[in-house]
Amino acid sequence: MSNNYQNLKKSDPAIHKLVLGEVKRQKDFLTLIASENYASPAVLEALGSPLNNKYSEGYPGKRYYPGNEIVDQIENLACERARKLFGADHANVQALSGGPANLAIYAALLKPGDKIMGAKLAHGGHLSHGHKVNFSGQLYQQVGYELDANGRLDMKKLAALAKKEKPKLIVAGFSAYSRDIDWAAFRKIADSVKAYLLADISHTASLVATKQLNSPVKYADVIMFTTHKSFWGPRGAVILCKKELAETIDRAIFPGFQGGPHDNAIAAIAVALKEASTPKFKTYTKQVITNARVLAAELTKLDYKIISGGTDNHLMVVDLTNKNLTGKEAEIKLAKQGILVSRSTIPNDPRGPFNPSGIRLGAYAVTTRGFKPADMKKLAKRIDAILKK
Ligand SMILES: Cc1ncc(COP(=O)(O)O)c(C=O)c1O
C-alpha cells in the first residue's frame, strides 16, 4: 500500500483524499471480519492495469470483439491455474462476485420454482442460498436446513429433510460455519434424491486448495468460491465443475447473466491463484487455522461461548447471550477501540439479523498482517477487556 496515487491527486483531490483515508483506516484497524483479507501488491497492480480497458464478451478463442489475443492468454492461464490448484475438470473465472455466480449456477441447472436446499441464514448460510430477500429465494423455493443443538451439521437430519422435500439442488456452503464438511455425506444425500450438489466454499477455498480442509472436488457437481476472502485476491469468483456441465455453466455466465468480463480482475485472479500455489501460501493457510484455533480457545477460557465449541477453519461465531450484550453492541464497542468484527446471528437466534445475538470473527486478515498465536492470545484478552467495559 505504498502507492501515493499522484495522478488521482491531480485529477480528483476529493477522491484522492478519501482513498488515502481508507488506506490509513485499513492500517489502523485490526480486521477480524471473516470475509475480508488484503489483496497482495501484485494483485492490486493487475487490477489497476489497462486490462480494465478491454471488451471481451465471450470466451478465449470465441470472442465477440477483436483484439483479444492477450486477454485470451490471461483467461486461459487463470482457468488453468484454478483447475490445477483444485484438481477440477473445468473452471470459469468470469463471474463478477459470489452472489451473481450462485445465481448463474442456479439458472444453469434449475427451472424457476424448483427447490434449493440451503442452510438458513441464522445457521450459517448465505443470502444467495435461497433466502427470501434474495432473488435466489424469489425465483426458487428454499428448503432451509439448520444446525443441531451443538451447532453442527446433522447429516441424518439433512438426509431426512432432502427425502421429504426432494430439492433439485443442495447447497453445501456457509458464511458462518466453523467445522469441516463431510462432502461424501452431502453427495450421498444429493444422490438419494437425484439433486445437484453445489459446494459454495467462498469462505474456505484457500484452506481446501492447500489441503488443510476436505475437498469437495470429487463430490460436488459444481463448486463456487470468491477470490477476495481466503486468497490475497481481487473481488471476483471462480466456478469449477465437471466436464459434462462446463458448457451449461459457461453459457449461464455469458450470455446468460453478464456482458463483458472484467479482464483486469481475471488477471488478478490468475495472480492470486499463482500465489496460492507457493509454499509461502501454504504456510499462511496453516497459520490461519492455528490462529483461529488459538483465538477460539482463548475466548472459551474467558467464558465466551463459541458455536460448535471451536473451529476447524478460519472463523468462529460467538454467542454473546451470557455476556448480556447484543452483536451490534459488541461490534460498536470493539470498533471504537480499533477492532472490527461483524455482528452475526446464532442458530435459533431470538433476535433479528440487524441486532443479533452474536459476532463472527475470522483470522484471514490478521494472519496476512503477520499475527501469530501469541498475538491472538493478546487479542482475545483485549476483546474481553473492551467488551467488559
Ligand atoms: C458462502 C458465501 N457465498 C457467497 C457469498 C457472496 O459473495 P459476494 O459478496 O462476492 O457476492 C458470500 C459472501 O459473503 C459467502 O459467504
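All of these numbers come straight from a predicted model, not from anything done at the bench. Just so you know, ligand 1 is whichever comes first in the structure, and atom 1 is the first atom listed for that ligand.
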For the aromatic rings, using the six-membered ring if either is Trp, is the centroid distance between Y106 and Y140 under 6.0 Å?
yes
To the nearest 0.5 angstrom, please state how far the CG atom of L379 sits from the CG atom of N291.
9.5 Å
Would the distance check show the side chain of Y59 and the main-chain N or O of D250 forming a donor-acceptor pair, the cut-off being under 3.5 Å?
yes
Which atom pairs, one a donor and one an acceptor, fall under 3.5 Å between side chains of residues 265-278 and the rest of the protein, sequence neighbours left out?
from	atom 1	to	atom 2	distance (Å)
E275	OE1	S40	OG	3.4
E275	OE2	S40	OG	2.5
S277	OG	K274	O	2.7
T278	OG1	E275	O	2.6
T278	OG1	F281	N	3.3

What residues, two or more places apart in sequence or in another chain, satisfy ring pair (Phe, Tyr, Trp, His ring centres under 6.0 Å) together with F86?
F225
Could you pull out every N or O of ligand 1 that sits under 3.5 Å from a protein N or O, with the distance for each pair?
from	atom 1	to	atom 2	distance (Å)
ligand 1	3 (N)	D200	OD1	3.4
ligand 1	3 (N)	D200	OD2	2.6
ligand 1	10 (O)	S97	OG	2.5
ligand 1	10 (O)	G98	N	2.9
ligand 1	10 (O)	H228	NE2	3.4
ligand 1	11 (O)	G98	N	3.3
ligand 1	11 (O)	G99	N	2.8
ligand 1	14 (O)	K229	NZ	2.9
ligand 1	16 (O)	S175	OG	2.7
ligand 1	16 (O)	H203	NE2	3.3

The ring pair (Phe, Tyr, Trp, His ring centres under 6.0 Å) partners of Y304 (sequence neighbours excluded) come to none
